[in-house]
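In what follows, a structure is listed as structure tokens, so that the remarks can point back to it.
The analysis underlying the following values was restricted to heavy atoms, covering all of them including side chains, and did not include hydrogens, waters or symmetry mates. Keep in mind that what you see is a predicted model, and the values were worked out from it rather than measured. Quick note on labels: first sequence line is chain A, next is B, and so on, each numbered from 1.
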2 protein chains.
Amino acid sequence: MARRSDHTREELTELALSSAEELLNIKPASELSTRQIATKMGYTVGTLYQIFKNLPDLLLHVNARTLKRLYNDCLKLDIKQHSAEQNILAYANLYLEFAHSHQGLWTLIFDNKVLGDEELPDWYLMQVKALFSLIEQQLRQIKPRSSEQEITQISRVLWSSVHGICTLSINNNLFVQSACSSQELIASLIRNILKGWTNG
Amino acid sequence: MARRSDHTREELTELALSSAEELLNIKPASELSTRQIATKMGYTVGTLYQIFKNLPDLLLHVNARTLKRLYNDCLKLDIKQHSAEQNILAYANLYLEFAHSHQGLWTLIFDNKVLGDEELPDWYLMQVKALFSLIEQQLRQIKPRSSEQEITQISRVLWSSVHGICTLSINNNLFVQSACSSQELIASLIRNILKGWTNG
DNA sequence: ACCTGAACACCGTTCAAGT
DNA sequence: ACCTGAACACCGTTCAAGT
């Protein structure tokens with residue numbers, strides 16, 4: 001045993017993260033374990049603790065990759081062809097679509113297990129900020145005169161709401177028997193918030 | 001050992017639930033275990049499995065009690081004195097306040113560990129429905145001519161949004177450095193959604 | 001009938017020991 | 001320096017054995 005050097009530290013990191021991601025496609029985060037990830041990598045648990053501080057730390061890095069992917073998906077949208085409101089709707093639909101097609105990864109972003117008791121590191125918060133700035137950019141086009149504080153506030157309101165609908169539509173426990181699709185809900189939401197905002 | 005009969009089955013259920021609730025005041029759901037609950041009750045784990053199917057089942061009953069408490073708190077609000085919009089805002093603030101002062105209990109309601117792979121039982125969904133009907137009642141006063149489907153849709157949009165803001169304000173990871181309080185966000189949200197809705 | 005204690009198959013994390 | 005395997009202190013769940 002010892003010093004296999006089959007992989008560099010970077011390769012090992014990549015291997016760990018992609019192994020975790022693959023497992024999350026099959027099972028929920030609550031059933032994910034360090035031993036399973038290590039086995040999928042072809043290593044033992046101990047190796048994982050050379051790369052990451054602990055399991056929450058590993059999962060935080062999985063989340064960082066998910067945010068990056070989400071951001072890149074957003075950049076691929078053809079923004080210039082449409083109105084700001086249409087673009088915001090497009091972002092929201094992309095978000096909803098992503099949440100549904102990558103349930104495991106998406107749910108993990110908001111899993112309390114990841115955060116633990118520690119604060120989120122700066123490099124992670126920067127990624128969150130980058131995503132918000134996409135929405136803020138569109139909001140500024142709608143109402144160019146509004147203050148930065150107002151833009152921040154509305155972007156948070158909008159996004160929290162979209163997020164809330166995604167959450168509840170995924171573990172579809174809270175819509176009871178209602179027939180309304182989450183797409184319709186989001187469309188209605190954005191229309192109403194923006195209408196209320198611009199008429200204010 | 002055996003047949004202590006110190007407690008009836010009902011007392012045992014009550015004991016289990018309140019023990020779990022007390023533990024949730026101290027630590028997050030991820031650190032809650034059957035063994036801890038049993039110890040706090042003064043029994044062994046086995047006893048827990050005579051009362052509940054498993055841990056998710058126990059937690060589901062904790063959630064049911066939380067919903068009941070939330071519902072009772074809502075009923076205590078002095079609704080008749082104010083406008084429908086003011087009442088909705090009051091419900092939302094109550095919800096936000098509850099989320100903050102009972103973080104452990106509130107977070108558990110949306111914990112994926114509870115649901116597992118099974119559907120939520122009808123008696124539980126009824127409780128969720130009861131809470132929604134409070135909001136729907138107010139919405140009907142705002143726009144008495146709207147269809148039931150419209151009421152349902154708007155209530156879901158409203159509540160998902162409020163919920164989203166609560167979620168993100170609790171694990172305050174996603175507001176980055178923004179200075180806006182969640183109370184302001186919710187007020188802004190409700191105002192805008194309702195304005196958008198009534199002007200449509 | 002009710003409760004226990006031990007067992008089973010798992011966890012996350014650490015660390016001496018090997019190369 | 002890197003990796004392993006065993007160890008520690010925990011899990012959820014089951015069930016024979018006791019009264």
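In this structure, B/L48 reaches neither bases nor backbone, as no heavy-atom distance under 4.0 Å exists between it and the strands shown. When heavy atoms are screened at a 4.0 angstrom cut-off, A/I51 is found touching no nucleic acid atom at all. Counting non-hydrogen atoms under 4.0 angstrom, B/L32 reaches the backbone sugars and phosphates but no base. Contacts of B/T47 with the nucleic acid, taken as non-hydrogen atoms under 4.0 Å apart, include base atoms. The residue B/T44 sits close to a base: some heavy atom pair falls under 4.0 Å.
The shortest side-chain heavy-atom distance between A/T66 and A/H102 does not fall under the 4.5 Å cut-off. Contact of the B/P121 side chain with the B/L60 side chain is registered, since non-hydrogen atoms from C-beta on lie closer than 4.5 Å.
Spacing between atom CG of B/L55 and atom C1' of D/dT14 amounts to 15 Å, rounded to whole angstrom units. One can place CD of B/Q36 at 13 Å from C1' of D/dA9, the figure rounded to the nearest angstrom. Distance B/I37 CD1 to C/dC3 C1': 18 Å, rounded to the nearest Å. The CG atom of A/L23 sits 11 Å away from the P atom of C/dC11 (whole-angstrom rounding). Here the C1' atom of nucleotide C/dT14 and the NZ atom of A/K53 are 15 Å apart, to the nearest Å. We find that CZ of A/F52 is positioned 14 Å from P of C/dG12, with the value rounded to whole Å. Atom pair A/D6:CG and D/dC2:P shows a separation of 13 Å (rounding to whole Å applied). Between B/R35 atom CZ and C/dA7 atom C1' there is a gap of 10 Å when expressed in whole angstrom units.
With both pairing distances under 3.5 Å, D/dA6 is matched to C/dT14 as a Watson-Crick or G-U wobble pair. Using Watson-Crick or G-U wobble geometry with both donor-acceptor distances under 3.5 Å, C/dT19 finds its partner in D/dA1.
Closest to the A/L12 side chain, of the nucleotides C/dG12, C/dC2, D/dC3, is D/dC3. Set against D/dC11, C/dT13, D/dT4, the side chain of A/Q50 has D/dT4 as its closest nucleotide. When distances run from any side-chain atom of B/R9 to the nucleotides D/dG12, D/dC11, C/dC2, the shortest one goes to C/dC2. Among the nucleotides C/dG12, C/dT4, D/dT13, the one closest to the side chain of B/Y49 is D/dT13. With C/dT13, D/dC11, C/dC3 as the candidates, the nucleotide lying closest to the side chain of B/Y43 is C/dC3. You'll find that the side chain of A/T34 is closest to C/dT13, out of C/dT13, D/dC11, D/dT13.
Ion pair A/R140/A/E150 not flagged as a salt bridge, since none of the NZ, NE, NH1 or NH2 atoms sits closer than 4.0 Å to an Asp/Glu carboxylate oxygen.
Counted within 6.0 Å of CD on B/E11, heavy atoms from surrounding residues, nucleotides or ligands total more than 12; the atom is thus considered enclosed.
Ring geometry for A/H163 against A/F110 counts as tilted: the plane angle lies between 30° and 60°, on a 0 to 90° scale.
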Would A/Y95 and A/W159 count as a ring pair (Phe, Tyr, Trp, His ring centres under 6.0 Å) if you check the C-alpha gap in whole Å, the side-chain angles of each, and the deciding distance to 0.1 Å? CA-CA 10 Å; A/Y95 189 74; A/W159 196 79; 5.1 Å; yes
